[in-house]
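Quick note: numbers below take in every heavy atom, side chains included, and nothing from hydrogens, waters or symmetry partners.
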Amino acid sequence: FVIEGEEEIGSENLGKFLRTYKHMLPADFIVLSDTANFDTGIPALTYQLRGICTIDVTVQTIAQPVHSGMWGGPVPDPVQVMCTLIAGLQGKKGEIDVPGLYRQVAKTGKTQLQRIRKLPFNEAKFKREARMMKGMKLAGEKGYSVYEQLWTRPSLVVIAFDARPIKGSSNQIIDHVTARLSLRTVPNMDGRAAGKAIVKKLTAMPPYGAKVTAEVVGAQRSGAYLLFGTSDQIGSLTPARSRTARSSSSPPPIVFPAWAITATFVMLLSLRLSRSRMSARRGLANRLPHRRLGQRRRRLRAPRCPSARRTS
């Protein structure tokens, strides 16, 4: 067994570990049994993953903290400058307002889009499960359903903000502030390239000429349709839907989650198991015929640059 606990911070050390001890980790297949159901009583087959890119940005306006009573007003506040920069990353329609970011976003296939739009959606339940405060409205990109946003569109959130804590604060303008941004990428997007585009936007014309430094501290590509081909080639999963439906009132939806599993990608790419069998739901996929690129009844194997699917 290999037990790895760095998933939420990018699993930076796992690849090196696997390459170093590859001779001790022979495997015939990798089983992923952590996939989730679409809803209670409704099973699902997960076939894609969103990628991730992490960007750190720091804003500095003064060399050291100064008294707000003596300098407040004409001296720019780095916290307010940071908030302005972050707010500027969102467009009027809820999109990520970064030039060129959507250039490589894969267009959702007709079959996939039809499947997504047929899925039932309960807004009240969604808000409740997301622990949203009472009375709040959903955010996001206009023109796309909630599932389309979660599964086919990139998203950007602030996952950390480092300024002076309330405890120990005083009447001072602080000298600098740092934020960490998390970008979720989708099919065809290069996470690092997307992160660099965000860095360019943040550092191009900062308010008041503030010193802004930003860097991509981690990036992982989306695991999009590397395992089963394009979104319109997912018909090969029909047998799986039929078998899974035996325990359900209807065939399961075919979906992909709004997260990525760094460990899975690293394990597959590092070990490069030539005969690895990707499995979900206790080996269900291993027993299915796979039709891809015109080849019929082919055993499911990991491609040369394999991806994986899993929910967490």
Side-chain angles (χ1 to χ4, degrees), residues 8 35-39 42 44-55 86-159 180-191 193-195 197-198 201 219-226 228 230-232 234 252-262 307 309-312:
E8 296 300 335
T35 51
N37 287 333
F38 176 76
D39 201 352
I42 304 178
L45 295 175
T46 301
Y47 73 95
Q48 292 185 182
L49 298 170
R50 282 210 286 187
I52 189 171
C53 175
T54 305
I55 305 104
I86 293 175
L89 294 175
Q90 185 177 52
K92 295 180 179 180
K93 295 182 179 180
E95 79 282 9
I96 303 172
D97 189 10
V98 174
L101 189 74
Y102 289 88
R103 205 168 290 160
Q104 293 184 328
V105 172
K107 183 178 179 180
T108 306
K110 183 178 180 180
T111 301
Q112 184 187 32
L113 195 58
Q114 289 176 344
R115 288 190 175 122
I116 291 175
R117 291 177 176 175
K118 286 181 179 179
L119 295 175
F121 178 70
N122 185 316
E123 183 174 328
K125 182 180 179 181
F126 180 86
K127 290 180 178 180
R128 184 170 61 253
E129 292 182 345
R131 305 297 191 270
M132 290 179 64
M133 303 302 293
K134 187 176 181 180
M136 287 193 65
K137 297 181 180 180
L138 294 175
E141 194 174 357
K142 293 181 180 180
Y144 297 90
S145 69
V146 169
Y147 294 142
E148 288 175 70
Q149 292 178 56
L150 290 175
W151 301 337
T152 70
R153 306 295 290 175
S155 65
L156 182 67
V157 296
V158 181
I159 60 173
R180 172 162 287 184
L181 312 180
S182 177
L183 171 72
R184 287 294 179 170
T185 58
V186 292
N188 283 10
M189 290 184 72
D190 184 310
I198 293 176
K201 170 76 181 281
Q220 173 190 313
R221 292 200 62 177
S222 165
Y225 50 72
L226 288 178
F228 289 107
T230 63
S231 59
D232 281 340
I234 309 303
I254 299 177
V255 300
F256 77 98
W259 48 79
I261 299 290
T262 306
S307 174
R309 51 206 162 84
R310 173 243 182 184
T311 61
S312 173

Is there side-chain contact between Val186 and Val105, with heavy atoms separated by less than 4.5 Å?
yes
Minimal heavy-atom distance between Ser182 and Ile159, with the atoms involved, is CB-CG2, 3.6 Å
Heavy atoms of Pro154 and Leu183 approach each other most closely as CB-CD1, 4.5 Å
Is there side-chain contact between Lys142 and Lys92, with at least one heavy-atom pair below 4.5 Å? no
- NZ/NE/NH1/NH2 to OD/OE distance under 4.0 Å, Arg153 and Glu95: no
Donor-acceptor contacts, no H, no angles, side chain residues 127-139, under 3.5 Å, sequence neighbours left out:
from	atom 1	to	atom 2	distance (Å)
Lys127	NZ	Glu123	OE2	3.0
Lys127	NZ	Met136	O	3.0
Arg131	NH1	Arg128	O	3.3
Arg131	NH1	Glu129	O	3.2

**Request:** Start with the C-alpha distance between Met189 and Leu101, add both sets of side-chain angles, then the distance that settles side-chain contact (heavy atoms from CB on, under 4.5 Å), and finish with yes or no.
**Result:** CA-CA 8 Å; Met189 290 184 72; Leu101 189 74; 4.1 Å; yes
Those residues at least two apart in sequence (or on a different chain) that pass ring pair (Phe, Tyr, Trp, His ring centres under 6.0 Å) with Tyr144 are none
So the ring pair (Phe, Tyr, Trp, His ring centres under 6.0 Å) pairs with at least one residue in residues 112-139 (sequence neighbours excluded) are Phe121-Phe126, Phe121-Tyr147
**Prompt:** Does a side-chain heavy-atom distance below 4.5 Å link Leu156 with Ile198?
**Reply:** yes
Are any non-hydrogen side-chain atoms of Arg50 and Ser155 less than 4.5 angstrom apart? yes
Worksheet item: Do the side chain of Lys201 and the main chain of Asp97 share a donor and acceptor less than 3.5 angstrom apart?
Response: yes
In terms of heavy-atom contacts, Cys53 and Gly195 come closest through SG-CA, 3.6 Å
Minimal heavy-atom distance between Pro99 and Ala197, with the atoms involved, is O-CB, 4.3 Å
query = Where the side chain of Gln149 meets the backbone of Glu141, is there a donor-acceptor pair that is under 3.5 Å apart?
reply = yes
So CZ of Arg103 and CG of Asp190: to nearest 0.5 Å the spacing works out to 13.5 Å
Here the gap from Arg115 atom CZ to Thr108 atom OG1, rounded to the nearest 0.5 Å, amounts to 13.0 Å
